[in-house]
Every structure is written in C-alpha cells, then in structure tokens.
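Down below is the structure, laid out as structure tokens.
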Amino acid sequence: MSRANPFPAYPVATLLPANDDQDRMTVNTAGIEKSERLLRSFLSGPESPGSQGLLVAVKGDFGTGKTHLLTHAENQLKARADERGSAAGVVVAGAMESRPVAWYRAMLGPRIGRLELEELSTDLYAQAAVTVARRAPLSAGLATRLELDPAAVHPLVSDELLSSSSVDRELIAILERIVPDAPQVRRAALGLIEAPASGRRWFEGERLSQREAVACGLTQAIATDEEAADVVIALAAIHRQLGRPFMLVIDELEHFARLDEARSGKSNLTWLKRLLERLEKEGACVFVAGHTSAWNGHPDFLERFSLGSAIELEPLTAEDVIHVVERFAPGRRRFAETDARLVNTFCGGNIRRTLGLLHALYDRSEGFEVPITEGMLAEVAATSTRVVDPEQALDDLGRALEQDGMRISRRAALHDLTFDLVAYQSDCPVLVIEAKHALFGRKQQDQAQRFVDKLRIVNQDSPTCIGVFASSGAFDPELLKVGSQAARVFWFDLNRPDFVANVMTTIGPALHEPMPPDAATAGSDRDDALTALADEIQMIKESQASDYARLEDQLAAPGGSDSELQFRSPAMTDTHDERRAIFEDLSAYPPLRRQLALISGPALMLMTLGLGLGLALLLTSIFGDSLFRETEEGESAQAFIAIGGVILLLATVLLAARQLLLLDRYFAFKRERLRDIYVLERPIQLLIETSRAIDEALYARGPRLAIGSAVELLEERELVADHRLLRREAEGSASGAT
Amino acid sequence: MPNYEPAFGLRDNPFSPRTFAGVGGGLLNGIEGEPLPLDEAPALEPLFVPGAGPFQAAIDRFDRFLEIGGYRDDDPGGNLDSRSFRIIGPEGSGKSTLANMLVRRLKDCGHHGLTPIRASAEDSQLAESIEAVEKKARQEPDGVCCVIFDDVRFGCERPLHDLHQSLRGTLRRPVVMFEIFHHAQDLGVPPPSDRARLDLEDLRTLWLTADHAVAFLISRIELFRVTDSVFTDELATFPFDVAEVAELVGESDGAEPGAFTLRSFSRLLSRGLGLEWMARRDDAPIKDLPAEELAARRISLKTFYDHRVEEQAGAWG
C-alpha cells in the first residue's frame, strides 16, 4: 500500500492570513531561530510589549524561505501576544512596483481591513470612558467593569450613565496626543465609532461617496503617500496606547525598489525609510523581506534597521535537508546523510526545489525506504515536471522580454488591477502576465475567467495589450477555454521546463505584429494624450484640494445618515464565488420574450399599430375582392393597399429590430459596468445597487435613452469608480445609437 | 397611578411628574430626558432650575439684550435690535431648555410675530432648512422674527449668519436667532468669523457640578414636597441625602468634562425614585415615623446608579 506523500506538491509559501498549516512544518533553521529570539526580546520590553520598536531586515535569494520566515514570525507574535492576554495587530503585505499610495490602496489597505478595526476603536473609546468614569466617585466603579468588558461602553454611553460629550472629548484628547500630526486619520478613527462602515472603508483605501465623506468629516479617499504613511503610524500608535503589539510585515521589497530604479530616483525607499523610523518610535515590530539584490543596492536603507537584527537566509545544508525530512516524514531512518547530500547538491540549497524534489523522490523510493540514487535524480530531472518556482519563472520571463526591448514591471497595477508582470513598449502596456496555482480545475477556470475580465478592462485603454495566463497544478488547456471574447489571451503550463521559451515563441508574433490603425494614431498622439492626462490629473488634484479645503472649513463630525448606502467590506463576508454568481446572474441577457416586454411604451404602441394596420391592409387586399371594382383603377387601388400593408409590416419589423438592438447595447453596457465592479472585487452590495440603478434608467427612459440616463444615475449615486471612463463609453455608445 | 406621598412625602416623582398644574399631559411625557417646552407651556417654569447650570448668567445676559435692544420699552413702534445667540454645550446639559426659556422671556415682552420658527441645521438638510425658514418668515407680515436652529455644526455659521442678514434686510424686521450647537463640535470650537461676531453672542452650558446637582435636587424636591409633611432641615431632600449627592457627583468645575450632565442626572433620579417606589409602596407611611428612622430610610444615589448599570449589564449579557 502506498503511503500518502507528506511533501507539498507546490512548495511556495504564501502570505495568507492564519497560514497555520504552513507554519506547522517550519524547520528550525538559523534564520527562524534568530527571528524567534528577536520577537522574544521585542515582547519582553521593560514597560510593555513593544515599548521599543524592532525593525528586522530579511535577506535571501529566491527559494531561501523568506516568505515562510515572515509567516512564521507573524504566527509567533500572535501566539505570544495571546499568551500575554493581548491581541496583536498584524498587517502583512507583499510590495508592488508602484507609488506608496497606490500600494496602500491595492495591498496594504485591504490587509489593514482584516484588522479588528471596530474592536480597536471600541477599546480606545472604552479607555476614554474609563478616564471619564474615574472623574466622579459615583461612576468610579464603572471603570473596572469597562476595563473587563470594553464593549459595554456603547450601551453605557447611549444610556447616559456617562456623558457622551465627555467620552467623545476624552477620546479626541487621546487621539490628539497619540496621533498629533494627522487630523484626517484622527477623524477616520472617530468615524469608526460614529459610522463604522464608512470609517472602515476609508482605512481600507476605498473611495467614499461625497455624502459619506462629508458625514465623517473626511476626504473621500487616502490621496497622498504621506497620508498612507500616517494611517500606518496611527494604527501603530493606537495599538501602543491599548498595550497591544503591532507588526507590519512587508515581503518582496525588490518590487518596491524597482520603481525607484526605473525612475532613477529614491522616493519609494525614502518613503519607506521614514515610515520605518516613525514605526520604530511607535514601538512597532516591522519585518521587511527582499531578494539580496534589493538590499545590496541600498546600504543606507539597511542601516535603518535595528542593530544586529538583519536575518540573512543561507542556502540549506545537507543537515538541514535531514531536518526537513524528519519534520515532514518523521521516522524515515533510511534517509541518510548521503541521500541528503545528493538532494542538496541537486537543488543548490534552495528550499522550494528541495521540497519539490523530495515530493518527487518520495514516490520513487517507496517513502525513502530505499536509498536515493543518481538514476532517480536523473529520472526526476528528465521526466517529471520541474519543481515550480513561479517567481523565478516570471523573473526569467521578464529578463527575456527585456532582451526583446520591453520595459518590465513586476507586481504592477493597471486601472487599480494588479498583475504579476506587465511589459511596456514605448510606455504603453503590451503584455500582462499572471501566474496562478490551482489544485482543482474549477478553481483554475475561475482564476482564468478573472484574468480575462481584468485584461478586458486593460484593453479599454490599451487595446493591443495581450494576456498570458500561466497556470500550475491542475493545468488543463481544455478547462482554460473560458470566454475571452475580444481579448487576446494565451494559456501556458507553468510546470513545463521550457515555459519561458514556449511563451516567447508563442506570443512573439502577436507582440510584434503592427498596431491597429486606431492604436497607431493613439501612439503618434502620445504627447497630446499625455498632456491631456496631466491636465486631467491636475484638475482632479485641484478638485480634491477644494473638497479638502471645504471640509476643513466644516468642522463637522456628524453621525452618518442612516439612509446612506453602507457597503460591506469584501474581506468580511463576500466570497469570490458569491460575487461571481451574483455578477453572472445580474448581467445575464434575458430571453427574447422578456426583452420584448422591455420595449418602451411609444415604440410598442407604434409596433402594435403598424402590425395591426399592415395586416388589415394586406388581408383587405387579398380577401376583399368584392370591395374593389373590376376596373383598372380598382385593381390599382387593391395593389396600392397591398403594398402599403407590406411596407407597414416591414417598418414594424424594422422598428422591433431596432428596439432589440438598443436593448442589446443596453445589456452590453450593463454587463460592462457590473464587470468593472466584479473584477475590482467590490462588495456584492455595490453590484446589486449598480444593477438596480441601470435597470431604473431603462424602465424610466426606455432603451434609446437608457444608457445616458443610467450614467447620470450612477454618477448621482456615486456608484462608479471612474467617471471619465464611464462618460467616454457612454458618449461612444450614444454616437453609435445615433 | 403611583402615589409617592406615603413612601416619600412627595406629590409626584419630581423628576418625571405625570401631572402639573396648567400643563397638558402630552407635554410631560419623558420630561426627565427632554427639554422643558417653556415657550409653549409657561406653567412649567417652576420646573426650570436656574442654579442647575450656568443658566442664570445666560438669562441675565439675554435680559440685558432685551433691555438695551428696546424690547422692554413702552413704545411699541420703536426700533428693535437683532441678535444671534449661539448656545454651546455638551449633549444633555440644558441647551434647548435654555433656548426655550429665552424665547419665553422674549415673548413676555409682548411684541407681535413671536411664534418661533424651529429648524434643524443638520448638514445634509441645512439648505432646505434655511429655505423653509425664509418661507415661513415671509408668511408673517410684521413683528419680531424668532428662529431656533437646532443641531447646528461648526462650519455652518456663515450660512446662518447670511440668513440672519437676509431676514433683517428683506423683511425689515428684527430678528432674534438661537443657534443650538451640536455637542460634538464643542470639542475644539473655532472662533466665529469677525463678520459674524458683530451681532453674535455666545451662551454656554456645562457639565454637571456638585453644586448644580444639589441645586437641582433641592429645587425639585421642594416643589413636590407635600406641605403637611414634617421634615427637619437635615431631611429636607428626603429620600435623598444632599451631602452624598454632592460627594458622588464629583469635583468637576463644569468647564472640564465631567461624567454627568443635567439630563443624565435627571434621568438617574427619576428612574431610581420610580424603582424605589415599587419596592416601598406597601410599606407603612413615613409620616408616622420618627426622624431617626427616616434618616435611616434615606436611599443612596449610588444604589440607583449601580442599578442602572446592572440593567445595562443585562443588556450586554
């Protein structure tokens, strides 16, 4: 009977929340032990946990276990904080090749959204209430109760057992003390108490509606790099105030640094340096991991880290390989040092490759019951799929594309959508790549569909951009035949040893084929387009500045309107499957009978009239011989009536066709809008509200005017992320309709 | 209907009476937690306790305005001054009651057109409110125009100032406007602009101090004490102990955030007395008890407070 293979088929660590399974298999390497020592010292500060900050730099090549170390450190901090009775706040995010504020919106904000923000604000509010309660002997006893059960603060204040004004005032005093330089963040923290849904969305980096923003006294969204840093610092300060440890974990620093390299500047790393300095002062623990090359280029950056806290991950030794085998497959005494040396030589000390190879060898050696042989290794190398290292594969592919004259961005964002790799020619995106792993075909199909959806959004502005979806695990080209419609997508098996060569050969002709005339014009007019874009950005900035000034003038911090649409956070309850099912449901084309029922009143009346009259004339001319005299005039009149009837019937058919065409355009528009929301992983509630608004426009204005009316409704209800795009599409659609 | 006389020597619950001479029942519903509608029901004035906050100082300043502004002149045709009063203070500290009291005094001057126009200045409806006020003001051909804006937020001063100027300019009528500022903005109040300052006066209400609490308690108990009950000075506030109340409410000077406001204190006393009546309604009447035993039967404010907390604890589970 064959044993179940204990080694992972896909040995890539991920920064997923609560990745306990991954952590359970941790092997105590020198790096892991050092991280544990540092965390112990961090949590045993003289005053309180995190009284002194800790900045840890993690360096290593691909596959040396950096991400695994980060998740292990995260779990260690959480577990040790739990033992001390305080919940740690941990924010974990991979870096991106983008400006800090864009990184915040795409990665950091959603991860911050996973913190218990409402609980955090309630605890802070309770702390303010404790101070107020102690001011009067009558309420002094309440302080102890509140310390034991902070959630009690809300009923106590609402029942006026404490003055709400006093507690508010005390809370503001605390926030002014711990977050002195960021009034917007202070207001957002207050917003978590007064209008929790809006406050949370602001922290998550989402854009609030104008009404929500005014109600909370906030700007509509985090707009600058400084503001993004302020939010992180404020969170660290709030955790410190509550005696909770705060940890920020950043992986893949090299992506963040690469933007600086592309721009020959230092703004990203300077921003990060300042952030780290401020976080250390706030007693936070920060782990930053990156490829050795990212650190080597920036020695001054490395100096910012706590003395002696750099962890350099070395390639595995043969002894480490034995520890790995003991951890994953305990009791395999026959796996000897010679086997370990063979494996280690074959893999060059790379943990990912080692695990992958052990997975392959386990089956060939009857669970390591027979010694490993050179023959087995040769067989693995020749026949099995290679040990997947998607990062390495994407880096190799990036290099190949660079040699082909393209500029490469790893983890770049286009239209707020992140891709693993984006290739540019003349600053226009020409290729987007996503590498995914899936164990099941259905998941792979889902991933592929989402990729196509994202590509179609990119194609709205960059129609020549092609997509490469690389899948490992359950690669099945048949399953990948998802509806790509107009988008040009290529599917590849990431497991294949010739992955890079295969991609380059396949997409080469598509990449180098001449641009369509429209795109070429756009390219030749690039300077004009850039100028227009710069103007547009300037207008947006000015508009934001005026909004900000106006809000500054209004000192309001009123309670949110109950009627305001409160969206659920996507991280809280909406799952991808739910979102997709609802998207498909809402954007499905209705059957013909339903479409006919949607034709507007006047058109329907005309059609009925045309049909009735046409049939009447036709039937009269055919069966009403007695009505016409048998003269030449009589026959002409009969023929004339018959022709009139046919013309009326034809006109009716044409009118019906036109109405159906308009409806078709309307449904395409609706599907596009819903797809934008679905692809951006916005909450389901937003999908439903948008669908409802677009339908309202159809019912109110009919198919001909529905799109224009829907645009107005969506803008009025603040249901669109990109007004300019929407307006442009609507204009295009209107001209088409004309 | 509960009879408080046998247990406490009181005609009714002094903090939430169900009846009051000359006042309709509807106006008394929830009176322990609502502003006193003194402008509508002048008979309620005895329930207003000037010493339960800095109310007397505010009334004196308003009276001075009435004097200087010509409202108390004998000549009914004389020119009258216009003024806006910002009433600023914590939630539940008596801002609306004070506004009603000032409107009452304005009405007592006997001028025409003194039905106050009430509006909410919540940010989302400020423009609509201003429009409605202007419309209503135009419907009254002459007399003093009195406007009460509730829930005003700092930042809304300019539109309200403009409204004030507009009413004066277009209606050619004296305008007295009360702007009751929402508590949240009292947390860091910016000064009004110089332009608005010219005809603007600030009146403040405060957190409850021990003196305010004692004054409120004494005044209300005296008002409802059954006249033939015999209590010594020491037991004048029976069933409450003035010394205990002063000690428990705290040492806040009212300018700093305290734990209580007039409203929360009034609610506490009202609910507490009601509960205590439930427990004692079948006891022997206190009028037959000697003074020493009465002193022993005083009830503790702390007990009431803890009881309320326990009630809430039930709600938290």
Response to the item:
Correct closest heavy-atom pair for A136(A) and V249(B) would be CB-O, 3.3 Å

Worksheet, complete the sentence: Ranked by heavy-atom pairs below 4.5 Å to chain A, first place among G33(B), S264(B), G92(B) goes to S264(B)

Response to the item:
In short, L161(A) meets F260(B) closest at the heavy-atom pair O-CE2, 3.6 Å

Practice prompt. Measure across E160(A) and T261(B) and return the closest heavy-atom pair with its distance rounded to 0.1 Å.
Written response: OE2-OG1, 4.3 Å

Worksheet, complete the sentence: What one should report as the nearest heavy-atom pair of E91(B) and S165(A) is N-OG, 2.7 Å

Worksheet item: In Å, rounded to the nearest 0.5 Å, how long is the span from CZ of R308(B) to CG of L142(A)?
Response: 12.0 Å

Item to complete: Answer yes or no: does atom CD of E147(A) have more than 12 heavy-atom neighbours from other residues, nucleotides or ligands under 6.0 Å?
Response: yes

Discussion item. Any salt bridge linking R145(A) with E310(B)? Criterion: basic side-chain nitrogen under 4.0 Å from a carboxylate oxygen.
Written reply: yes

Worksheet item: At what distance, to the nearest 0.5 angstrom, does CZ of F265(B) lie from CG of L138(A)?
Response: 8.5 Å

Worksheet entry | Heavy-atom side-chain proximity of W207(B) to R169(A) below 4.5 angstrom | yes

Discussion item. Quick check against the 3.5 Å criterion: does S166(A) have a side-chain atom that pairs as donor or acceptor with the backbone of A259(B)?
Written reply: no

Worksheet entry | L268(B) versus chain A, the contacting section by heavy-atom distance below 4.5 Å | side chain

Fill in: ring-ring contact (aromatic ring centres under 6.0 Å, His included) contacts touching residues 172-202 of chain A (sequence neighbours left out)
none

